[in-house]
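Residue numbers begin at 1 in each chain, while the letters A, B, ... track the order of the sequences. Given the structure is predicted, the values throughout are model-derived calculations rather than measurements.
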2 protein chains.
Amino acid sequence: ATAPAAAGDAKAGRAKAVGCQACHGLDGLSKLPDAPNLAGQVEPYLVKALTEFRNGTRKNEVMSVAAADLSDADIANLAAYYSGIQIDVIPPG
Amino acid sequence: ATAPAAAGDAKAGRAKAVGCQACHGLDGLSKLPDAPNLAGQVEPYLVKALTEFRNGTRKNEVMSVAAADLSDADIANLAAYYSGIQIDVIPPG
């Protein structure tokens, strides 16, 4: 099982997300075809993805650099921020 | 630059997604803490992720198996289906 994600501080995450907005937006909506939407994404998934980019288990030209210097707190805060953005899904027809 | 994603057939993608719903839901909303939401995700990102799981660039216990036998058409169709699910993002406060 994955380690329980320490609930991060979304406000601190929003400040940190300034470094992410070029591709992911502050609103969590992707600005580039390669960048996924993050708005309302599953919090432990975001923690896992950022951790894997930081430790190299998962590789991506941009993210390997972007995540390199993130602390555990940064990761928890970013995950709290983006997962906290509310999305409504219109059930497929 | 990533290869242009061949626009898939969302209807065929929905049929294929029956194999994905245990974790991702047919509605694209995650059913498990490790599984990301896919609803409204960026289509070329989904194509890239599935392709990387299939060719091993990206590894995950479940997805490496789930993606192993997908054809290019399956990948395009699944990406079309899940990216086509409409989401509305409520801009963060």
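In B/Lys31, the NZ atom is crowded: over 12 heavy atoms of neighbouring residues, nucleotides or ligands sit closer than 6.0 Å.
Residue contact with chain A, scored on non-hydrogen atoms closer than 4.5 Å, involves the backbone of B/Ala35 exclusively. In this structure, the portion of B/Leu26 lying under 4.5 Å from any heavy atom of chain A is its backbone and not its side chain.
Here the shortest heavy-atom pairing between A/Lys48 and B/Asp34 reads CD-OD1, 4.5 Å. A pairwise comparison of heavy atoms in A/Ile90 and B/Ile85 identifies O-CG2, 3.8 Å as the closest pair.
If you tally non-hydrogen atom pairs under 4.5 Å between each of A/Ile87, A/Asp88, A/Thr57 and chain B, the highest count goes to A/Asp88. Your options are B/Pro36, B/Ala49, B/Gly40, B/Ser30, and the one with the most heavy-atom pairs under 4.5 Å with chain A is B/Pro36. Annotation: maximal heavy-atom pairing with chain A below 4.5 Å, among B/Asp27, B/Val42, B/Leu46, occurs at B/Val42.
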- Hey, mind stepping through B/Asn60 and A/Glu52 against side chain to side chain contact (heavy atoms under 4.5 Å, CB included) and telling me if it holds? CA-CA 11 Å; B/Asn60 175 284; A/Glu52 289 185 344; over 6 Å; no
